[in-house]
Amino acid sequence: MAFSSTDRAALRKRLLSWYRRHRRDLPWRREPDLYRVLLSEFMLQQTRVEQALPYFERFLKAFPDLRALAAAPAQEVLKLWEGLGYYRRARHLHETAKRLAPLKQVGVAELAECPGIGPYTHAAISSIVFGAALPVVDGNVNRVLARLLALAEPPESAKGRRAIRAAAAELLAPRAPGDFNQALMELGATVCLPRGPQCLLCPVQAWCRAKERGTPEAWPLKRPKPARPHKQIAAAIVRRRDGKILIAQRLSGALLGDLWEFPGGKREPGESLEAACAREVREELGVEVDVGAKVFEIEHGYSHFTITLHVFECAYRKGKPRALGCQAFAWIREDELSRYPFPKANHPIVAKLSGR
DNA sequence: TAGCCGTGGTG
DNA sequence: TCACCAAGGCT
């Protein structure tokens with residue numbers, strides 16, 4: 001045990017009391033039913049509250065309950081998710097809704113079977129909605145507990161993960177697991193910040209071994225991360241003589257899965273951007289184009305690499321499009337572009353072409 | 001275990 | 001400018 005039973009009891013009491021006074025007023029906390037909490041937890045995976053908020057409101061308006069979400073077309077769900085990132089979450093959320101909506105009763109066991117619900121999300125929903133005594137471990141909990149314990153290993157390491165899990169389970173308030181879990185996360189999000197922790201405002205500072213050592217921001221210990229490579233990407237605005245543009249839908253499992261894009265891809269060593277552009281259109285859709293002027297150069301970063309996106313105006317020459325390196329394609333007018341979900345890096349192109 | 005999967009804010 | 005990192009899950 002990392003703490004004595006009297007310390008555990010006092011720490012819980014302080015934390016819960018602090019949470020009940022200081023918690024943020026968030027829409028999914030006003031009526032914490034299964035649907036709202038489920039929706040919020042999917043959106044909050046690796047995503048800040050402020051970024052998820054407008055999406056939560058939009059979803060709740062478009063799909064007021066689990067049944068409405070389950071009945072929606074997949075494309076509509078993805079379009080509403082556009083811009084939020086980690087697009088697999090949209091598909092998993094939709095599949096989870098379709099799985100749960102027909103059930104008379106949903107409980108801890110049913111949640112565990114759903115796609116997109118891992119250990120964190122399962123414990124979060126179960127504790128908040130059903131009052132199940134399951135500890136959550138997320139980025140906030142990792143940081144808060146690593147500091148409380150002055151943990152000697154990075155939380156991502158095997159030893160660190162075990163220690164954090166054990167501490168979270170040990171501290172969990174058995175009679176208010178939902179509030180306790182949210183309190184720990186709220187503390188991490190608003191007080192026990194990655195940089196510049198507000199220790200003087202912290203309700204559990206008396207038990208914090210990192211604060212005791214004098215340099216709380218030195219925890220959690222960091223693991224070196226690999227550098228992000230940079231790639232040169234060519235993309236084509238392929239126009240037919242009637243003015244329509246050729247777009248493609250990306251493969252489901254891939255990066256930006258199920259989203260639509262302007263066809264293109266990575267430049268090979270020694271290849272010109274124009275040649276890469278023509279080659280990628282040929283490989284992806286079986287279409288020959290004449291590459292014209294470059295009209296965009298866009299810098300963009302993803303989670304594990306960065307790109308420069310070079311966009312060329314291209315004239316359609318020949319070949320009937322086929323879905324070779326994509327799952328679907330479409331010839332569309334410029335004013336139809338905004339109906340399709342595009343990755344963020346393509347938004348400047350969509351905005352310009354659709355005249356906004 | 002470690003790499004893949006987005007986007008936006010921050011210092 | 002750039003690294004960091006955020007209510008993680010899947011393979």
Side-chain angles (χ1 to χ4, degrees), chain A residues 19 23-24 26 28-29 32 36-56 78 81-93 95-96 111-128 134-144 154-162 164 168 178 180-190 192-196 217 220 222-230 250-259 261 298-307 341-347:
Chain A
Y19 176 65
R23 68 176 184 179
R24 291 167 290 180
L26 302 173
W28 48 87
R29 283 180 177 163
R36 280 159 219 262
V37 173
L38 178 80
L39 196 55
S40 70
E41 290 301 341
F42 268 82
M43 289 183 171
L44 290 170
Q45 288 169 7
Q46 293 289 284
T47 305
R48 294 174 196 282
V49 166
E50 306 78 51
Q51 194 188 351
L53 267 175
Y55 287 87
F56 180 84
L78 190 58
W81 197 275
E82 184 185 30
L84 196 53
Y86 285 127
Y87 297 97
R88 193 168 49 173
R89 290 184 294 174
R91 190 173 67 252
H92 284 161
L93 170 65
E95 283 167 14
T96 288
L111 283 181
E113 303 297 315
C114 292
I117 297 186
Y120 163 77
T121 306
H122 183 251
I125 299 174
S126 300
S127 64
I128 296 170
L134 296 172
V136 296
V137 177
D138 74 329
N140 291 304
V141 174
N142 273 334
R143 185 171 57 259
V144 171
E156 299 83 7
S157 69
K159 281 184 72 177
R161 213 170 23 249
R162 276 197 298 273
I164 300 268
F180 179 86
N181 281 334
Q182 293 186 84
L184 216 46
M185 294 190 281
E186 192 85 348
L187 188 67
T190 63
C192 194
L193 304 169
R195 274 169 295 190
E217 63 275 9
K222 299 186 203 324
R223 243 189 358 180
K225 288 187 183 173
R228 295 190 301 174
H230 188 83
R250 296 176 60 87
L251 295 172
S252 206
L255 173 76
L256 307 167
D258 297 332
L259 271 69
E261 66 172 1
I298 300 167
E299 299 292 336
H300 197 77
Y302 295 101
S303 50
H304 53 299
F305 62 92
T306 60
I307 65 165
F342 280 87
K344 204 72 174 177
N346 286 8
H347 285 190

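Small disclaimer: the values here were computed from a predicted structure and weren't measured. Chain letters run A, B, ... following the sequence lines, proteins first, then strands; residues in each count from 1.
- If you measure from atom OH of A:Tyr302 to atom C1' of B:dG3, you get 18 Å, rounded to the nearest angstrom.
- In terms of the side chain to side chain donor-acceptor pair (under 3.5 Å) criterion, residue partners of A:Ser127 (sequence neighbours excluded) are, by chain and number, A:Asn181.
- Residues that satisfy the salt bridge (Lys or Arg N to Asp or Glu O under 4.0 Å) test with A:Arg88, not counting sequence neighbours, are absent from this structure.
- A:Arg91 places its CZ atom 15 Å from the C1' atom of B:dG6, with the value rounded to the nearest Å.
- Dashed line: the shortest gap from a side-chain N or O of A:Arg223 to OP1 or OP2 of B:dA2 is under 4.0 Å.
- Checking A:Arg88 against A:Lys222, the closest nucleotide of DNA chain C that is more toward the 5' end is the one next to A:Lys222.
- Taking the salt bridge (Lys or Arg N to Asp or Glu O under 4.0 Å) definition, one finds that A:Arg89 meets it with nothing, sequence neighbours left out.
- Listed pair A:Tyr87 / B:dT7 meets the phosphate criterion, a side-chain N or O lying under 4.0 Å from OP1 or OP2.
- In this structure, OH of A:Tyr86 is placed 13 Å from P of B:dG8, rounded to the nearest angstrom.
- Scored by the salt bridge (Lys or Arg N to Asp or Glu O under 4.0 Å) test, A:Lys222 finds no partners at all (sequence neighbours excluded).
- For the P atoms, the distance from C:dA7 to B:dC5 is 23 Å, rounded to whole Å.
- Counting to the nearest Å, the C1' atom of B:dG8 and the CD atom of A:Glu299 are 17 Å from each other.
- A distance of 12.0 Å separates CG in A:Leu84 from CD in A:Gln46, rounded to the nearest 0.5 Å.
- Mapping A:Pro343 and A:Arg161 onto DNA chain B by nearest heavy atom places A:Arg161 closer to the 5' end of the strand.
- Residues meeting the ring-ring contact (aromatic ring centres under 6.0 Å, His included) test with A:Tyr86, sequence neighbours left out: none.
- Mapping A:Asn140 and A:Cys114 onto DNA chain C by nearest heavy atom places A:Asn140 closer to the 5' end of the strand.
- Checked by atom type and distance alone, the side chain of A:Arg161 never pairs as donor or acceptor with a backbone atom of A:Pro155 at under 3.5 Å.
- Atom CG of A:Leu259 and atom P of B:dC5 are 13 Å apart (whole Å).
- Remark: A:His92 engages no residue in a ring-ring contact (aromatic ring centres under 6.0 Å, His included) (not counting sequence neighbours).
- The interatomic distance linking A:Lys344 (NZ) with B:dG6 (P) rounds to 14 Å, in whole Å.
- Listed pair A:His300 / B:dT7 meets the phosphate criterion, a side-chain N or O lying under 4.0 Å from OP1 or OP2.
- Heavy atoms of A:Leu84 sit under 4.0 angstrom from at least one base atom.
- Nucleic acid contact class of A:Ile307 (heavy atoms, under 4.0 Å, all strands): none.
- The aromatic rings of A:Phe305 and A:Tyr302 lie tilted to each other, with the angle between the two planes from 30° to 60°.
- Near-neighbour residues of DNA chain B inside residues 40-53 of chain A, defined by a heavy atom below 4.0 Å, number-ordered: A:Gln46, A:Thr47, A:Arg48, A:Gln51.
- Protein chain A contacts DNA chain C from C:dC5 to C:dC10, reading 5' to 3' and using non-hydrogen atoms of the protein with a distance under 4.0 Å.
- Nearest-nucleotide mapping onto DNA chain B: of A:Ser157 and A:Arg228, the residue sitting toward the 5' end is A:Ser157.
- At a threshold of 4.0 angstrom between heavy atoms, the contacts of A:Arg23 with the nucleic acid are absent.
- Of the C1' atoms belonging to C:dC4 and B:dG6, the separation is 15 Å, rounded to the nearest Å.
- Among the atoms of the strands shown, none is found under 4.0 Å from any heavy atom of A:Trp81.
- Partners of A:Glu186 by salt bridge (Lys or Arg N to Asp or Glu O under 4.0 Å), not counting sequence neighbours, listed by chain and number: A:Arg24, A:Arg29.
- Residue contacts shown for A:Gly301 include a base, since a base heavy atom lies under 4.0 Å away.
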